[in-house]
Amino acid sequence: MRPLTYVASFLSLTGLVNAQYFSAGWTPGQVVPSQTPSPAHVPHSPSTPATQHGPGKMSFLDNLVTVGPLGALSSLIGLNITGTPSATWDERIPLITDENYAEMIVNETLTPEEEKERVWFLIITVTAGQPEGVSKFVDQVFDATYNYTLEKGELPHVRFGRIDYLNVTSITTKWSVWSAPYLVVLKDRGQTLRFYKAGQIRLTDEILHQFLKEEGWSIKEPWKSIYGPGGEREYILYYLAQFLSIVYGALVRVPKWLMYMMSGGFATFFINFLHKPSPPQSAAKPAPKPVSAPAAPERTVSSSATDTPQKGSTKRRGKK
């Protein structure tokens, strides 16, 4: 029975073998056929290719402190010196930065008709610093909306873009954005802006697609301020953005571990300064009373002293 069992098992396995592996062999002078993979085995590129964004390449001192025993020791005492966490984003959606904002949006090459219809749908995210939370959810819905738009083949005039809140200074300062996440509808080369917090609209890919298709963003009035685009005091935020960009460019050159130590030391000094006890106040001594000068003694002339000369004079008169 065992040989029959082996034969049955062998026959069952032969059904799983692809017939293309069996051939008559190669004969001399025959051209070697190039084997093309079966369509079932052709690798497909992922529908949403992603790239990892994070702190980038660290310096030698950063690696020395954040990796290895020192990094493990710092984590035990509760000190995080490992840098900013990384985030995985769809690389097909361009990352808008302070350096390429003018080139990609303000100075984009467009015809007058395209310029009138151009809409930028942007997300301001903090997922690079907060891998979990609302920002990550908004990022996922934003990427799903981008993929849904591509599948529909609609909205050719709409472009998607992502802004990393932790890696820009000039853009968010000029827009007076001090928190994230935000969804932004940008038109007129950045002169018309509409901002939406995460809880102001329903966040699903279909709803956001319909929101863009039907231009639901036009219901809301654009941001108008004397400090905004075209305002009387726009220059104030412009120069503030330039100044903060210079400060940020200088601070990012400082190693992260040194920045943590300096900021911690400054915070400790400042707190101790605020809670510094006031110097003890001594009890007020009573003012000394002015000492009066002693009165001069009065000179008294005794009566005997005054009478003696008079008696003597009478006697002299009698003798005469």
Side-chain angles (χ1 to χ4, degrees), residues 48 50 53 84-90 92-98 100-101 104-106 118-149 155 157-231 233-234 236-238 240-241 244-245 248:
T48 56
H53 296 264
T84 305
S86 58
T88 303
W89 291 326
D90 193 334
R92 296 172 300 172
I93 300 177
L95 189 65
I96 310 299
T97 63
D98 291 336
N100 65 7
Y101 172 78
M104 295 191 63
I105 295 180
V106 179
R118 172 65 73 211
V119 174
W120 277 89
F121 190 46
L122 307 174
I123 179 175
I124 303 177
T125 174
V126 290
T127 306
Q130 300 175 3
E132 302 295 335
V134 178
S135 183
K136 181 180 180 180
F137 170 73
V138 178
D139 263 322
Q140 293 174 347
V141 175
F142 187 82
D143 293 346
T145 305
Y146 175 78
N147 292 325
Y148 187 81
T149 303
L155 308 179
H157 61 286
V158 177
R159 293 197 61 183
F160 288 72
R162 178 178 278 107
I163 298 176
D164 183 5
Y165 179 81
L166 302 178
N167 197 32
V168 298
T169 304
S170 177
I171 297 176
T172 53
T173 302
K174 289 189 294 185
W175 292 354
S176 190
V177 174
W178 311 110
S179 63
Y182 266 101
L183 293 175
V184 184
V185 178
L186 181 148
K187 279 185 64 65
D188 303 326
R189 299 185 182 272
Q191 295 299 308
T192 304
L193 300 168
R194 291 175 173 87
F195 300 94
Y196 299 88
K197 287 288 287 185
Q200 291 182 345
I201 54 179
R202 295 183 60 186
L203 295 177
T204 64
D205 52 355
E206 296 182 0
I207 291 179
L208 287 182
H209 174 78
Q210 201 73 12
F211 174 75
L212 296 173
K213 181 179 179 180
E214 298 181 358
E215 297 186 355
W217 44 264
S218 61
I219 300 176
K220 182 178 180 179
E221 291 294 327
W223 176 48
K224 293 296 183 182
S225 171
I226 58 176
Y227 301 100
R233 301 178 183 177
E234 180 185 4
I236 295 179
L237 289 182
Y238 173 79
L240 178 61
L244 294 180
S245 298
Y248 175 77

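Note that the structure is predicted; figures quoted are calculated from it, not measured. The basis for the numbers below is simple: all heavy atoms, side chains too, and nothing from hydrogens, waters or symmetry mates.
- Aromatic ring centres of Tyr146 and Phe121: separated by at least 6.0 Å.
- A donor-acceptor distance shorter than 3.5 angstrom exists from the side chain of Lys220 to the backbone of Phe195, with no hydrogens or angles considered.
- Ring geometry for His209 against Tyr148 counts as perpendicular: the plane angle is over 60°, on a 0 to 90° scale with 30° as the lower cut.
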Between Val184 and Ile124, does the side chain to side chain contact (heavy atoms under 4.5 Å, CB included) criterion hold? Intermediate values first, please. CA-CA 8 Å; Val184 184; Ile124 303 177; 3.8 Å; yes

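- Trp89 places none of its side-chain heavy atoms less than 4.5 Å from the side chain of Ile123.
- Of the possible polar contacts, one joining the Tyr196 side chain to the Trp217 backbone as a donor-acceptor pair under 3.5 Å is found.
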Apply side chain to side chain contact (heavy atoms under 4.5 Å, CB included) to the pair Tyr227 and Leu240, showing each step before the final yes or no. CA-CA 11 Å; Tyr227 301 100; Leu240 178 61; over 6 Å; no

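- Put simply, the side chain of Lys197 reaches to within 4.5 Å of the side chain of Ser179, judged on heavy atoms.
- Contact detail for Ala128 and Leu166: the closest heavy-atom pair is C-CD1, 4.1 Å.
- When side chains are defined from C-beta on, Val158 does not count as touching Thr149, because their heavy atoms never get closer than 4.5 Å.
- Between the side chain of Asp90 and the main chain of Ala144, no donor-acceptor pair closer than 3.5 Å is present.
- If you take OH on Tyr182 and OG on Ser135, they are separated by 13.0 Å, rounding to the nearest 0.5 Å.
- The two atoms that bring Leu186 and Leu193 nearest to each other are CD1-CD2, 3.6 Å, heavy atoms only.
- With no hydrogens or angles considered, no side-chain donor-acceptor pair links Ser245 and Thr169 at under 3.5 Å.
- The two residues Phe142 and Leu122 make their nearest non-hydrogen contact at CE1-C, 4.1 Å.
- Between Ala180 and Thr125, the shortest heavy-atom contact is CB-C, 4.5 Å.
- Separating the OG1 atom in Thr172 from the CD1 atom in Ile163 is a distance of 8.5 Å, to the nearest 0.5 Å.
- Looking at Arg194, its side chain never comes within 3.5 Å of a backbone N or O of Trp223 through a donor-acceptor pair.
- Between Gln140 and Lys136, the closest side-chain pair of non-hydrogen atoms falls below 4.5 Å.
- Nearest heavy-atom pair, Trp120 versus Met104, reported as atom, atom and distance to 0.1 Å: CZ2-O, 3.6 Å.
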Side chain to side chain contact (heavy atoms under 4.5 Å, CB included) between Leu203 and Leu183, intermediate numbers included: CA-CA 11 Å; Leu203 295 177; Leu183 293 175; 3.9 Å; yes

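- For the atom pair CD1 (Ile219) and CD (Glu214), the distance works out to 9.0 Å, reported to the nearest 0.5 Å.
- Counting only heavy atoms from C-beta outward, the side chains of Asp98 and Tyr248 never approach each other to under 4.5 Å.
- Looking at heavy atoms from C-beta onward, Phe211 lies out of side-chain contact with Thr145 at the 4.5 angstrom threshold.
- Counting heavy atoms from C-beta on, the side chains of Ile93 and Asp143 come closer than 4.5 Å.
- Scanning both residues, Arg159 and Pro94, for their nearest heavy atoms gives NH2-CG, 4.3 Å.
- Going from atom CZ of Arg202 over to atom CD of Gln210 covers 12.5 Å, rounded to the nearest 0.5 Å.
- Checked by atom type and distance alone, the side chain of Glu234 pairs as donor or acceptor with a backbone atom of Gly230 at under 3.5 Å.
- In this structure, Val168 and Asp164 have side chains that are not in contact, with every pair of non-hydrogen atoms separated by 4.5 Å or more.
- Arg162 and Asp139 are joined by a salt bridge, as a carboxylate oxygen and a charged side-chain nitrogen come within less than 4.0 angstrom of each other.
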